[in-house]
Structure formats: structure tokens, C-alpha cells
Amino acid sequence: MDMTTDTKLDVTDGFHLVIDALKLNGIDTIFGLPGIPITDLTRMAQAEGMRVISFRHEQNAGNAAAIAGFITQKPGICLTVSAPGFLNGLTALANATTNCFPMILISGSSEREIVDLQQGDYEEMDQLAIAKPLCKAAFRVLHAEDIGLGVARAIRAAVSGRPGGVYLDLPAKLFAQTMDAEAGKKSLIEVVDPAPRQIPAPDAVQRALGLLKSAKRPLILLGKGAAYAQADMDIRALVEKTGIPYLPMSMAKGLLPDTHEQSAAAARSYVLPEADVVVLIGARLNWLLSHGKGKTWGGKDHKAWGGQKFIQIDISPQEADSNVRIDAPVVGDIGSCVSALLAAIDSTAGSNWAKPPADWLNAIAERKSKNIGKMAETLAKDPKPMNFHSALNVVRDIIKANPDAMLVNEGANALDFTRSIVDMYKPRKRLDVGTWGIMGIGMGFAVAAAVVTGEQVIAIEGDSAFGFSGMEVETICRYNLPVCVVIFNNNGVYRGTDANPTGGPDVAPTVFVKGARYDKLMDAFGGVGVHATTPAELRKAMEEAIRSRKPTLINAVIDETAGTESGRITSLNPSTKKK
Ligand code: FYN
Ligand code: ADP
């Protein structure tokens, strides 16, 4: 036997099996940060044609992966080094799980034998155990031949059912393990139907339909689950066919254009307590909806039920009754549920579906036009110094002229004012702080939005919020991404006017350096930094950023007295919170 053929047997290794498994499943981008033991993995992934986006801090890479998952319905991949890098990625993993964004945090880890005996390995940590309670599923792969399986399980866990964050632990030793290339190839799994449709039960659909028919003051609430589902046409058809007014939650803005005549966004505090039947589509009755009860919903105190009946469309069967009774749960994927509801409407009522009573629609229209009129008045003012409204009037025009642009938004006042002032025209364009109201998503989301969509990104940032991920402006410059960051700089958290009551040398805890020039941060990395003190300067700079697609950071100077404590959620501060 000729021994030379044997020694020439093709081999593969753990590094390549990870890359091949991801590629086989259509995953072409990794967000991460190189270091021991995954530096070579990032190099090899790039050599194999994957896009590898390197960040300055893992939390930002993790946020990028999470939002890439939301935009694409494919799990976003975040790759980190062991212990400290892994821990830095965990906030993003937990946030992704909380928000139902599919992502996979892949971390290198230290040697199991040493970790388990606590012998003090380099970056020793039992990462799998720590990740478990913070994500939807967690797996560890010990043998190269199981890499395909581990990746397949991670993908299924991330995107099937209610999406979420998944942890995949890859010990350092695994990467160098070799195996026969052909056997390696065979060990990989191309996941078939990773997020299977879940068809709602016909009786659940009929129950929902019956309730809807009985409604005198119906309301549809669209959440980010509805945006995630990419069932845009059917959702629009349901809204328009039934004529029911709808309220978009923050990241569902644009699912139908905010200028749609059935949008009740500008009459929010009127419709919630007045509605008699509410259809929740991919929205949870959590704190953002006052748990479905209390004064927001017309209850006599914050614990009291307002009398509404609820239909809830959700993929998670456990979501119903989490806060108040759900009279008609419809469990399934939103695409299937909405189309089943549409079909049921067609077969019972055809084109004769009775639109909601005119007095309900007229009352909403009246509130809306009053609020919109008031808003228009405020936006028309040109105060000196510039305030949130006059600055956002510019952003509003820019988004209207560029409806494909991705809008990233974080802060307190910078978040709340942007949400109500800046209309969105297309689905999944508004990316923000989500279920936790988390700060720090800004630059990670901006990078991912640019990388994944290729569209212009506009990030509207409070000056405090920006600080959490600000160093990633270097990443934005390095990859030459079309990101325009606008910092609403009012010299502090909420505003810049707090004083130290003792008169001591330290400034108040909420106050930053006055007159900070964030724009110079961008100059340092070769991007375009602009200092804007008027709406005209802001407009010019934003228009130029969009025209040139150059990385741009605009330091928009806002009146330091503008802004309230915690924006619209002041009441959640313990000193003002209701007992
Ligand atoms: C909305 N509104 C408008 C418009 N859109 N008026 C005129 N024109 C337009 N287009 C009105 C709307 O009717 C409300 O007025 C008000 O503007 C605010 O609307 P919004 O933002 O939809 O409503 P609200 O009450 O703030 O919503 C509650 C919430 C929201 C909890 C869903 O505040 C939210 O998403 N918050 C997230 C906060 C967060 O996470 N912060 C980060 C941490 S900050 P009225 O109807 O008169 O009420 C840490 O400190
Ligand atoms: P919002 O904050 O906008 O109200 P939430 O994050 O609270 O939105 O709610 C999203 C809901 O959508 C979750 O309950 C989740 O289970 C559900 N969801 C996510 N994706 C889908 C889908 N494809 N089909 C059905 N429900 C989904």
C-alpha cells in the first residue's frame, strides 16, 4: 500500500468547522473582538469570506449582533474571548433575550479540566453556568465532530418560537482539534426550517373574531414582535380592512407609516382607557403598557383593571394572562395568525366587515388633530438656544426625505421626544432601547444597521447615552460606515443644571463637562465632526452627511435647562413612584 496517500488525507480543524457550520447556515457576518483563544478564528473567518466586524468593547459587538438578528430574522453572531470578554458580552445577550432578538454569543473559554478543579487557568470561569440564567439556551461543544450539531442547536434555539439570545461555549482546545475533512463536512448540519411556522388553532381564531365583532371601541396595538415577524402586508391589510385604529409601540413605528390616518399614536392617552377590545400583536403588557391596568387604562387606581377585553397574538403560549386576563389568546407566529384572522374575516363578513362606530373614530381624530396641532406649534418655534423640539424638527424633515434611513435612538428626553416627534415611514427602521430602556445600544446598533442593510444610519443620542458606546466611533470610521451620529448635548444626564447642594468641589452626579465638544472625537479618527448650535447648522450637517455617506458626528448643542428627569417616565423614580 502506498503510504503517501494516507499522509495526504485532507484534515480540517475546529476553527474551520465553526466557520463552515455558520456559512452553511447562511450566516455571513461576525461581530466581535479578537483575543485569546479566538483571534485566529476571526482571521480565518475573514479569509473564508465572512464579514468580521471588530469592535472596541464586546457589549457593543453583542448589541450589534442582537439588532442584526432583529432586522434579518437570522441569529446575529457575537464572538468574544473568555471570562472578561464573555462577561462584557453578557449584557447584550440578556438584553437580546429580554427583547426577543435572536443572537448567539460564541465565546472561547478556558480548559474544562482546570476550570472545574479551579486551578487558576488564564481567564478561568465556568462560563456556561453563568450564561444559562441570562439566555434562552446555552450549549458547550467539547469535540470537533460535534461543532455542526452545536451550531445547529444554537441556531434553532435562537430563532424558533419566541426568539432570544443563545450562548455557545467553545473551549480553547476545541479549535485546534483536527479530523478528517470529509467526515468533518458530513458532521455539519444545514438547519431545515429553523423557525417553523406555528399555525393558530381555528377555534382560537374564531374566539378572537367573535370578540372583535362585538367591539364598539376596538384598538390594535402593534409591538416589535409584529415588526420582527416581517408580515408587513398582512398586518397592514388587517388594520385597513377592519378600519380599527392602531397604536405602534416604539419599535413598531413605521410598520404602517406614522402618518397613516388610522394611527392613534397622537391620541395615546385617550385611546388606552377608552378602548373596549384591544388586539395585541407582538406586544407584551409589560411596564411600557402599564401592565394593562391602572389609570392609563381607565382603572381607578394603579392596580385596577380598566374593563378592556384583550385579544393577544403571540408566539409564546405563556405570555397570555401575564398581567391581566387575556380573553382570546391566539398562539402562533404573527404571519400565520394575522393571515388566519384575515381569512376568517373574509369568510364571515367578506367586504361587509363593519368599520368601528363613527363616534369612536371621530373622537380619536379630534384628539389627534388637537395634539398634532399643538405639536406643530411647538415645532415651529425657534428658541435660542436650540431645544429638543427645534432640533428634532430638523430630524423629522430629514427622515421624511430619507424614509429608508435607519434611525437608532437612545437617551431619556432624547429618546422620548424623538419617538413622538419623528415619524417613521417603513418597517424596522426605528431601533431603540427596547424593553429594558437600556442605555449603550447606540453605536453597536448603528454599526450593525449600516453593515446589514447598507442604508444610511442616523443615530439620535442623548449625551449621556452616547458615552456608553462612544468609543465605537472609531469602528464606524474604520469600516467607513454611512453613520451620522447626532448628540443632543445638554451638558448632563437629563439636563445640565443640577448643582452640588453642599457647595463642595464635585459637580452634581448628573452633570458633565460643560460645553463638551463630542465632534472632536470624530475628527480624531478621520470622520467628519460638526459643532451645531442652530437648527440651520444641524440641517446642513445632516444633509451633508447623507449626501457624502461619510462617518459624521454632530455635536448639537441643546439648552441645558431643557429636559425632565427620566423623560416621560419620571413617575418610575422611587421618590415619585406610586405606592
Ligand atoms: C405621539 N404623540 C404625539 C404624536 N405622537 N403628539 C403629536 N403628534 C404626534 N405625532 C403624543 C402622545 O399622544 C402622547 O401624548 C405623547 O405624545 C407621548 O407619546 P408616547 O411617547 O407614545 O407616549 P408615552 O406616554 O411616553 O408612552 C409610554 C411609554 C413610553 C412607556 C410606552 O414612554 C416609552 O416607550 N418609554 C420608554 C422610556 C425608556 O425606555 N427610557 C429609557 C430610560 S430613561 P398624550 O396622549 O397626551 O399622553 C432613564 O432615565
Ligand atoms: P413591544 O415592546 O414593542 O411591545 P415586546 O417585546 O414586548 O414588544 O413583545 C414582543 C412579543 O412578540 C413577544 O411577546 C414575543 O413572544 C412576540 N413575538 C416575537 N416574534 C414573534 C413572531 N414571529 N410571531 C409571534 N410573536 C412573536
Side-chain angles (χ1 to χ4, degrees), residues 70 73 97-102 159-164 195-198 200 221-231 247-253 255 258-259 263-273 280-290 296 312-320 322 330-338 364 367-379 396 409-424 430 432-439 441 462 464-465 493-494 510 563-573:
F70 170 75
Q73 292 185 328
T97 308
T98 300
N99 281 282
C100 319
F101 299 156
V159 297
S160 62
R162 173 182 277 178
R197 288 200 303 149
Q198 296 189 23
L221 255 165
L222 300 173
K224 61 179 166 312
Y228 174 80
Q230 299 192 14
L247 207 54
M249 296 302 287
S250 195
M251 281 178 61
K253 274 169 70 79
L255 200 41
D258 280 337
T259 47
S263 169
R268 189 178 202 273
S269 60
Y270 173 71
V271 291
L272 291 179
L280 299 159
I281 308 184
R284 287 170 287 187
L285 283 174
N286 55 18
W287 71 278
L288 289 152
L289 284 167
S290 310
T296 306
Q312 182 158 37
I313 299 180
D314 204 288
I315 202 152
S316 166
Q318 294 176 55
E319 186 54 39
S322 56
V330 183
V331 176
D333 73 89
I334 285 169
S336 300
C337 292
V338 171
I364 296 172
R367 304 281 159 154
K368 247 181 89 171
S369 82
K370 227 187 260 169
N371 260 351
I372 290 174
K374 249 196 277 168
M375 176 80 86
E377 248 173 59
T378 317
L379 293 178
R396 178 182 162 103
N409 188 201
E410 63 176 332
N413 294 283
L415 173 89
D416 291 342
F417 285 123
T418 305
R419 186 179 59 247
S420 55
I421 293 171
V422 178
D423 289 328
M424 305 306 295
R430 189 186 150 83
D432 70 25
V433 303
T435 307
W436 263 350
I438 195 171
M439 296 296 114
I441 48 89
S464 161
V493 184
Y494 311 131
T510 55
T564 53
E565 183 104 355
S566 310
R568 296 269 301 171
I569 54 173
T570 306
S571 62
L572 296 185
N573 285 306

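Ligands are counted one by one from 1 in listed order, and the atoms in each one are counted from 1 as well. Just so it is clear, the model here is predicted, and its values are computed rather than measured.
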* Any heavy atom of Ala267 sitting closer than 4.0 Å to ligand 1? -> yes
* Structure fact -> Distance col, row Leu280:CG vs Leu222:CG, nearest 0.5 angstrom, shows 10.0 Å
* **Exercise: do Thr435 and Arg284 side chains pair donor with acceptor under 3.5 Å** => yes
* To do: Would you indicate whether the side-chain heavy atoms of Trp287 and Leu572 approach each other to under 4.5 Å?
  => yes
* To do: Measure across Val159 and Gln73 and return the closest heavy-atom pair with its distance rounded to 0.1 Å.
  => CG1-O, 3.5 Å
* **ligand 2 contact by Cys337, heavy-atom criterion under 4.0 angstrom** => no
* Given Phe101, Trp287, Tyr228, which has its nearest heavy atom closest to atom 20 (N) of ligand 2? -> Tyr228
* Asked: What is the minimum heavy-atom distance between Cys337 and Val330, and which atoms define it?
  -> SG-CG1, 3.8 Å
* Lys368 (side chain) donor-acceptor with Ser263 (main chain) under 3.5 angstrom -> yes
* To do: Classify the contact between Asn286 and ligand 2 as side chain, backbone, both or neither, using a heavy-atom distance cut-off of under 4.0 Å.
  => side chain
* **Heavy atom of Ala265, distance to ligand 1 below 4.0 Å** => yes
* Please write down residue, atom name and distance for the protein heavy atom closest to atom 36 (N) of ligand 1. => Arg419 NH1, 3.5 Å
* To do: Can you figure out which of Gly462, Gly567, Gly437 has its heavy atom closest to atom 40 (O) of ligand 1?
  => Gly437
* Structure fact -> Among non-hydrogen protein atoms, atom 23 (N) of ligand 2 lies closest to Ala229 CB, 3.9 Å
* Minimal non-hydrogen separation, Gln198 against Asp333, with atom names -> N-OD2, 2.7 Å
* Backbone, side chain, both or neither: what part of Leu415 comes under 4.0 angstrom of ligand 1, heavy atoms only? -> side chain
* **ligand 1 contact on Asp258 by region, counting heavy-atom pairs under 4.0 Å** => neither
* Any N or O of Ile315 that comes nearer than 3.5 Å to an N or O of ligand 2? -> yes
* N/O of Lys224 under 3.5 Å from N/O of ligand 2, yes or no? -> yes
* To do: Measure the distances from the heavy atoms of Gly411 to every atom of ligand 1 and state whether one is below 4.0 angstrom.
  => yes
* Gap separating the CH2 atom of Trp436 from the CG atom of Asn286, nearest 0.5 angstrom -> 13.0 Å
* Asked: Just going by heavy-atom distances, which of Ile372, Leu288, Leu272 is nearest to atom 29 (C) of ligand 1?
  -> Leu288
* Does Ala283 approach ligand 2 within less than 4.0 angstrom via side chain, backbone, both or neither, non-hydrogen atoms only? -> both
* **Smallest separation among heavy atoms of Lys224 and Phe70, with atom names** => O-CE1, 3.6 Å
* Asked: Nearest to atom 15 (C) of ligand 2 by heavy atom, Leu285, Val331, Asp333, Asp314: which?
  -> Asp314
* Between the candidates Gly225, Gly164, Pro163, Ala226, which shows the shortest non-hydrogen contact distance to atom 12 (O) of ligand 2? -> Gly225
* May I ask you to check if ligand 1 and Arg568 share an N or O to N or O distance below 3.5 Å? => yes
* To do: Report the member of Ala266, Ser420, Ser464, Ser571 with the shortest heavy-atom distance to atom 19 (O) of ligand 1.
  => Ser420
* Taking all non-hydrogen atoms of both residues into account, name the closest pair between Pro248 and Ala265 and its distance. => CD-CB, 4.1 Å
* Record the part of Arg162 in heavy-atom contact with ligand 2 below 4.0 Å; permitted values are side chain, backbone, both and neither. => side chain
* Atom pair OH (Tyr228) and CE (Met251), whose distance is rounded to the nearest 0.5 Å -> 12.0 Å
* Purely on distance, is any nitrogen or oxygen of Ser269 under 3.5 Å from one on ligand 1? -> yes
* Structure fact -> In ligand 1, the atoms that come under 4.0 Å of a heavy atom of Tyr494 are 49 (C), 50 (O)
* Is Arg284 touching ligand 2 with its side chain, its backbone, both, or neither, if touching means heavy atoms under 4.0 Å apart? -> both
* Asked: Considering only protein heavy atoms, which is closest to atom 25 (C) of ligand 2, and at what distance to one decimal place?
  -> Ile334 CG1, 3.1 Å
* Asked: Do Met249 and Leu289 touch side chain to side chain, with heavy atoms closer than 4.5 Å?
  -> yes
* To do: Apply the test side-chain contact (heavy atoms from CB on, under 4.5 Å) to residues Leu285 and Glu319: give CA-CA distance (whole Å), side-chain angles for both, the deciding distance (0.1 Å), then the verdict.
  => CA-CA 9 Å; Leu285 283 174; Glu319 186 54 39; 5.8 Å; no
* Structure fact -> Separation between CG (Asp416) and OG (Ser566), nearest 0.5 Å, reads 9.0 Å
* Contacting atoms of ligand 1, where contact means under 4.0 angstrom from a heavy atom of Ser566 -> 50 (O)
* Structure fact -> Note: ligand 1 atoms sitting under 4.0 Å from heavy atoms of Val433 are 40 (O)
* **Residue part near ligand 1, for Ile569, under 4.0 Å between non-hydrogen atoms** => side chain
* Could you state the interatomic distance from CD1 (Ile569) to CG (Leu415), rounded to the nearest 0.5 Å? -> 8.5 Å
* **Trp287 to ligand 1, any heavy atom closer than 4.0 Å** => yes
* To do: Would you please determine whether Ala252 falls within less than 4.0 Å of ligand 2 on a heavy-atom basis?
  => no
* Look only at the side chain of Asn413 and the backbone of Thr564, and say whether a donor-acceptor pair between them is shorter than 3.5 Å. => yes
* Show your working on side chain to side chain donor-acceptor pair (under 3.5 Å) between Asn409 and Arg430 and close with a plain yes or no. => CA-CA 8 Å; Asn409 188 201; Arg430 189 186 150 83; 3.1 Å; yes
* To do: Please state whether Glu565 comes within less than 4.0 angstrom of ligand 1, counting heavy atoms only.
  => no
* To do: Please identify which atoms of ligand 1 are closer than 4.0 Å to at least one heavy atom of Ala412.
  => 44 (S)
* To do: State whether the shortest distance between N or O atoms of Ile313 and N or O atoms of ligand 2 falls below 3.5 angstrom.
  => no
* **Subset of ligand 1 atoms that lie under 4.0 Å from at least one heavy atom of Met439** => 42 (C), 43 (C)
* Structure fact -> Distance col, row Arg419:CZ vs Asp432:CG, nearest 0.5 angstrom, shows 7.5 Å
* **Test item: Asp423 side-chain N/O and Asp258 main-chain N/O as donor-acceptor pair under 3.5 Å** => no
* Between Gly223 and ligand 2, does any nitrogen or oxygen pair lie at a separation below 3.5 Å? -> no
